[in-house]
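Only one structure is covered here, and it is reproduced in the block below.
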Amino acid sequence: LLVRKLRGGGPGDSEAASCNILFVSESEKGREPSIFAAIEGRSVVTVGEVDGFAKNGGMINCIVRGTKPTFQLNRKAAEESDIIVSSHLVKLAELID
């Protein structure tokens, strides 16, 4: 397992294409379109904590409802990246389609 922080902007986006799982933090808000463009056509699971992340094309968005942590799942984004999502995970998710 290798965890690394990618450089922000420009060349950093191309590094994202070599990831299996890409976490997009709140600090990257507004850069999602360029990040998604850099990994287009790749099987990269995208996980975020940015408001509207799943609605804007991310696969999994970690959120808190009241005091309960949960997540949103964008199945279309997963399908477009050839990611098969477990039916167990789908049952637990707040679906964004």
Side-chain angles (χ1 to χ4, degrees):
L1 176 64
L2 175 63
V3 177
R4 63 181 170 189
K5 182 176 181 177
L6 304 180
R7 295 183 305 258
D13 291 342
S14 62
E15 287 181 288
S18 67
C19 296
N20 297 108
I21 301 173
L22 179 64
F23 181 78
V24 181
S25 68
E26 181 72 31
S27 66
E28 300 304 306
K29 187 174 179 97
R31 292 197 52 244
E32 301 96 336
S34 66
I35 293 169
F36 296 150
I39 62 171
E40 188 173 352
R42 306 273 186 167
S43 293
V44 178
V45 176
T46 54
V47 180
E49 62 177 0
V50 178
D51 209 22
F53 184 76
K55 290 180 183 176
N56 294 327
M59 286 182 212
I60 300 171
N61 192 28
C62 303
I63 58 172
V64 177
R65 295 269 187 238
T67 59
K68 182 183 175 192
T70 188
F71 66 98
Q72 298 171 321
L73 174 65
N74 181 330
R75 290 188 292 182
K76 182 179 177 194
E79 289 170 5
E80 289 174 352
S81 295
D82 293 325
I83 303 292
I84 298 170
V85 180
S86 161
S87 61
H88 299 290
L89 193 62
V90 172
K91 287 178 187 176
L92 296 172
E94 180 180 309
L95 300 177
I96 304 294
D97 288 318

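These numbers come from the heavy atoms of this one structure, side chains and all, not from hydrogens, waters or symmetry mates. The model shown is predicted, which means the values in this text are computed figures rather than measured ones.
Among residues at least two apart or in separate chains, there is no ring pair (Phe, Tyr, Trp, His ring centres under 6.0 Å) pair with a member in residues 77-97. Sorted by first and then second residue, the salt bridge (Lys or Arg N to Asp or Glu O under 4.0 Å) pairs involving residues 66-75 (not counting sequence neighbours) are R75-D97. Identified under the salt bridge (Lys or Arg N to Asp or Glu O under 4.0 Å) test for residues 55-66, with sequence neighbours left out: R65-E94.
Nearest heavy-atom pair, L73 versus A93, reported as atom, atom and distance to 0.1 Å: CB-CB, 3.6 Å. Closest approach of P69 to T67, counting heavy atoms only: CD-O, 3.5 Å. Between A77 and G57, the shortest heavy-atom contact is CB-O, 3.3 Å.
Counted within 6.0 Å of NZ on K76, heavy atoms from surrounding residues, nucleotides or ligands total 12 or fewer; the atom is thus considered open.
For L89, the side chain to side chain contact (heavy atoms under 4.5 Å, CB included) criterion is met by F71, V85, S86, not counting sequence neighbours. Not counting sequence neighbours, the partners of N61 by the side chain to side chain donor-acceptor pair (under 3.5 Å) test are Q72. Applying the side chain to side chain donor-acceptor pair (under 3.5 Å) criterion to S25, with sequence neighbours excluded, gives S27.
I96 and V90 fall into different hydrophobic clusters, where Ile, Leu, Val, Met, Phe, Trp and Tyr residues are linked whenever their side-chain heavy atoms come under 4.5 Å apart, directly or through other members. Both I83 and I21 belong to a single network of hydrophobic side chains, linked directly or stepwise wherever heavy atoms of I, L, V, M, F, W or Y lie under 4.5 Å apart. Linking Ile, Leu, Val, Met, Phe, Trp and Tyr whenever their side-chain heavy atoms come within less than 4.5 Å leaves V64 and L92 in two separate clusters.
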Distance-only criterion, 3.5 Å: show the donor-acceptor pairs between side-chain atoms of residues 40-54 and protein atoms not counting sequence neighbours.
{"unit_1": "S43", "atom_1": "OG", "unit_2": "S81", "atom_2": "O", "d": "2.9"}
{"unit_1": "T46", "atom_1": "OG1", "unit_2": "M59", "atom_2": "N", "d": "2.9"}
{"unit_1": "E49", "atom_1": "OE2", "unit_2": "E26", "atom_2": "N", "d": "3.1"}

